[in-house]
Protein chains: 2
Amino acid sequence: MNPLNDIFEGILKKNHLSITNQRKQIFDSITKLSPTSTSTLINDLTQIDRATIYRTIDLYIKLKVIKKIYIGFKYKLELSDLFSSHHHHFYCIKCHQIIDFDEPDDLDNLINNLSLKYSFKSTEHRLEINGLCQKCKEV
Amino acid sequence: MNPLNDIFEGILKKNHLSITNQRKQIFDSITKLSPTSTSTLINDLTQIDRATIYRTIDLYIKLKVIKKIYIGFKYKLELSDLFSSHHHHFYCIKCHQIIDFDEPDDLDNLINNLSLKYSFKSTEHRLEINGLCQKCKEV
DNA sequence: GTCGATGCAAAATGTTTGCAAGACC
DNA sequence: GGTCTTGCAAACATTTTGCATCGAC
């Protein structure tokens with residue numbers, strides 16, 4: 001019924017991994033709270049042992065169900081591009097709000113040019129912008 | 001004699017902070033190893049207490065002597081733009097090499113366009129690219 | 001029933017704090 | 001000499017591990 005859940009369970013099945021209650025609950029929490037942190041998950045899912053939460057997060061990162069992003073001065077966890085469109089983050093240094101923005105059209109060109117200039121092959125990139133959001137910049 | 005040291009000591013003086021041996025050694029280590037990690041500093045500077053290293057790193061970040069960057073899956077510490085030109089990082093996922101690249105000319109425009117579109121004011125940004133370096137992509 | 005996943009407990013690692021002693025200006 | 005800085009020790013937080021038990025398939 002839920003398309004995100006279908007993708008998620010499909011990934012587990014494809015890798016011959018069990019669909020357990022704990023794994024479902026952790027996935028659901030990340031979906032609801034994304035982006036969130038490990039400690040938030042530990043605090044919210046008190047019925048699940050922390051060791052399980054750490055192990056599951058590692059697993060999800062390996063399976064590319066989620067990814068780590070760097071916002072402000074902390075890591076957060078969010079669903080991978082398999083579940084939502086490729087985007088980046090603006091972080092308001094005053095109110096700590098996070099605004100997602102779509103991949104800019106010209107970023108691809110920019111990275112291609114860099115790849116040529118520096119002879120590397122890009123497989124992944126992150127653009128993180130900090131500053132003041134609309135409300136905070138007016139004050 | 002050393003221009004980086006002059007800038008560094010100038011910042012401490014301007015803020016009425018002592019220029020201690022520990023602070024000099026920690027600054028020197030970061031300069032040599034940049035980008036480096038807290039644990040590397042703790043292991044290298046065995047004569048300095050870890051508490052001092054943590055406190056000094058916090059201080060340097062507040063003073064904008066250094067900044068935290070996010071490479072691969074870890075934080076690293078490197079000298080701020082006061083000591084070297086504004087740049088970003090390419091990280092080779094195979095050999096773990098880090099290649100610095102200068103701020104691309106068109107990135108500024110790209111961020112200005114985003115600022116208009118999303119009504120935020122950017123004060124800082126990071127572009128991190130992962131992939132394969134010249135050598136590793138050939139294999 | 002089998003094998004992988006979880007919980008528990010403990011250890012390892014990383015970070016912060018209070019306070020007395022020491023170093024800088 | 002006064003004040004800021006450091007070291008030490010302990011506390012606190014975060015993450016990892018081994019192993020016995022439990023649950024998914």
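We name chains A, B, ... by the order of the sequence lines, and we start the count at 1 in each one.
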Visitor: Roughly how far apart are K32(B) NZ and D44(B) CG, rounded to 0.5 Å?
Guide: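 One gets 9.5 Å once the value is rounded to the nearest 0.5 Å.
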
Visitor: Is the side chain of T31(A) donor-acceptor paired with the backbone N or O of F27(A) at a distance under 3.5 Å, no angle test?
Guide: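 Indeed, once roles are kept as given, a pair shorter than 3.5 Å links the two residues.
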
Visitor: Just by protein heavy atoms under 4.0 Å, how would nucleotides 19-25 of chain D read 5' to 3' in B, S and -?
Guide: -----SS

Visitor: Below 6.0 angstrom between ring centroids: does that apply to F8(B) and F83(B)?
Guide: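 No, they do not, as the ring centres are separated by 6.0 Å or more.
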
Visitor: I'd like a table of donor-acceptor pairs (distance under 3.5 Å, sequence neighbours excluded) in which one partner is a side-chain atom from residues 127-139 of chain B, with atom names and distances.
Guide:
unit_1, atom_1, unit_2, atom_2, d
N130(B), ND2, E124(A), OE1, 3.4
K137(B), NZ, S119(A), O, 3.3

Visitor: Is the F120(A) ring parallel, tilted or perpendicular to the Y118(A) ring (thresholds 30°, 60°)?
Guide: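 Taking Y118(A) first and then F120(A), their aromatic rings lie parallel (interplane angle under 30°).
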
Visitor: Let me know the distance between CD1 of I53(A) and P of dT14(D), rounded to the nearest Å.
Guide: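 One finds 13 Å between P of dT14(D) and CD1 of I53(A), rounded.
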
Visitor: Please state how far atom OH in Y54(B) lies from atom P in dT6(D), giving the value in whole angstrom units.
Guide: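 It is 16 Å, rounded to the nearest whole Å.
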
Visitor: Would you say R50(B) has more than 12 foreign heavy atoms packed within less than 6.0 Å of its CZ?
Guide: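 12 or below, so no.
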
Visitor: Which angle, rounded to 10°, do you find between the first-five-pair axis and the last-five-pair axis of the helix from dG1(C)-dC25(D) to dC25(C)-dG1(D)?
Guide: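 The end-segment axes of the helix from dG1(C)-dC25(D) to dC25(C)-dG1(D) are tilted 40° relative to each other.
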
Visitor: Can you give each donor-acceptor pair under 3.5 Å made by side-chain atoms of residues 59-69 of chain A, sequence neighbours left out, with the distance rounded to 0.1 Å?
Guide:
unit_1, atom_1, unit_2, atom_2, d
Y60(A), OH, R23(A), O, 2.7
K67(A), NZ, D81(A), OD1, 3.1

Visitor: Under 3.5 Å, is there a donor-acceptor pair linking the side chains of H88(B) and H125(A)?
Guide: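 Absent: no donor and acceptor within the cut-off.
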
Visitor: Measuring from I7(B):CD1 to L82(B):CG, what's the distance to the nearest 0.5 Å?
Guide: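 Between atom CD1 of I7(B) and atom CG of L82(B) there are 7.0 Å.
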
Visitor: Calculate, to the nearest 0.5 Å, the distance between atoms OG1 and NZ belonging to T20(A) and K24(A) respectively.
Guide: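 With rounding to 0.5 Å, OG1 (T20(A)) is 8.5 Å from NZ (K24(A)).
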
Visitor: As an exercise, state the distance from CG of L41(A) to CG of L33(A), rounded to the nearest 0.5 Å.
Guide: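 The CG atom of L33(A) is 6.5 Å from CG of L41(A), to the nearest 0.5 Å.
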
Visitor: Which residues in residues 24-52 of chain B have at least one heavy atom lying under 4.0 Å from any atom of DNA chain C?
Guide: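 R50(B), A51(B), in order of number.
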
Visitor: If only atom types and distance count, is the side chain of S115(B) paired as donor or acceptor with the main-chain N or O of I111(B) below 3.5 Å?
Guide: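 Yes: the side chain of S115(B) pairs with the backbone of I111(B).
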
Visitor: Rounded to the Å, how far apart are K74(A) NZ and dA13(D) C1'?
Guide: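 Between C1' of dA13(D) and NZ of K74(A): 12 Å.
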
Visitor: Tell me, with the steps shown, if D6(A) and N2(A) meet side chain to side chain contact (heavy atoms under 4.5 Å, CB included).
Guide: CA-CA 6 Å; D6(A) 291 348; N2(A) 182 330; 5.8 Å; no

Visitor: Could you list where the contact with chain A starts and ends along DNA chain C, reading 5' to 3', using a 4.0 Å heavy-atom cut-off?
Guide: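 The contacted stretch runs from dA5(C) to dC8(C).
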
